[in-house]
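Just the heavy atoms: all of them, side chains too, but no hydrogens, waters or symmetry mates, feed the values below. This is a predicted model, so every value here is computed, not measured.
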Amino acid sequence: MSRMSFYQYLMTERNPNSHDEIAKFANDAFYDQAFPKNSDDYDEISRYLELNAGYLHSMTIFDNSWANYQEKLS
């Protein structure tokens with residue numbers, strides 16, 4: 001069984017009706033055509049977001065969602 005990418009995990013958090021920061025992040029990432037969808041590498045995704053994701057107003061949101069992702073994998 002292949003490991004779930006971070007993007008695949010993030011898509012489970014989508015909710016257009018939610019005001020939760022992680023849900024908003026997931027909703028915005030869904031529309032980001034260049035998001036590294038197959039990556040499970042923290043540094044690669046973090047670098048991408050810092051340089052390209054104007055929709056993410058705080059990297060803490062990514063860090064929190066990454067922690068949730070890691071928990072789900074274990």
Side-chain angles (χ1 to χ4, degrees):
M1 186 164 121
S2 65
R3 181 176 164 134
M4 178 189 330
S5 74
F6 175 73
Y7 180 82
Q8 289 171 314
Y9 160 73
L10 192 59
M11 291 303 99
T12 68
E13 297 295 322
R14 283 185 69 212
N15 180 351
N17 302 316
S18 175
H19 295 292
D20 177 78
E21 290 182 323
I22 292 177
K24 285 185 187 177
F25 171 32
N27 294 336
D28 290 335
F30 176 74
Y31 294 106
D32 181 352
Q33 296 295 313
F35 195 97
K37 292 178 174 68
N38 297 315
S39 180
D40 62 2
D41 181 85
Y42 176 89
D43 292 328
E44 177 186 4
I45 298 167
S46 178
R47 253 190 325 274
Y48 172 80
L49 292 170
E50 287 175 358
L51 296 174
N52 301 292
Y55 55 81
L56 189 62
H57 68 270
S58 169
M59 286 302 287
T60 303
I61 300 165
F62 167 62
D63 289 335
N64 292 340
S65 57
W66 183 266
N68 294 345
Y69 167 61
Q70 292 295 303
E71 196 172 288
K72 188 139 188 162
L73 291 179
S74 59

If you round to the nearest 0.5 Å, how far is [atom2] of [Y] from [atom1] of [X]?
| X | Y | atom1 | atom2 | answer |
| --- | --- | --- | --- | --- |
| D20 | I61 | CG | CD1 | 9.0 Å |
| M59 | N64 | CE | CG | 11.0 Å |
| R14 | I22 | CZ | CD1 | 15.5 Å |
| S65 | I45 | OG | CD1 | 9.0 Å |

*asked:* Applying side-chain contact (heavy atoms from CB on, under 4.5 Å), can you list everything that pairs with D43, at least two apart in sequence or on another chain?
replied: D41, R47
Heavy atoms only: give me the nearest [X]-[Y] pair and the separation to one decimal.
| X | Y | answer |
| --- | --- | --- |
| S5 | S39 | CB-O, 3.5 Å |
| Q70 | R3 | NE2-NH2, 3.7 Å |
| K37 | Y7 | O-CB, 3.4 Å |

*Kindly work out whether a path of hydrophobic side-chain contacts (I/L/V/M/F/W/Y, heavy atoms less than 4.5 Å apart) joins L49 to L51.*
no
*Side chain of Y69, backbone of D40: donor and acceptor closer than 3.5 Å?*
no
*Report the C-alpha separation of Y9 and N68 in whole Å, then their side-chain angles, then the decisive distance to 0.1 Å, and conclude whether the side-chain contact (heavy atoms from CB on, under 4.5 Å) test is met.*
CA-CA 9 Å; Y9 160 73; N68 294 345; 3.0 Å; yes
*Testing F62, Y48, F6 for ring pair (Phe, Tyr, Trp, His ring centres under 6.0 Å) with Y42, which one passes?*
F62
*Can you name the salt bridge (charged side-chain N to carboxylate O under 4.0 Å, His left out) partners of D32, sequence neighbours left out?*
none
*Does a side-chain heavy-atom distance below 4.5 Å link K24 with E21?*
no
_Working note: W66 + L10, criterion side-chain contact (heavy atoms from CB on, under 4.5 Å); need CA distance, chi angles, decisive distance, verdict._
CA-CA 9 Å; W66 183 266; L10 192 59; over 6 Å; no
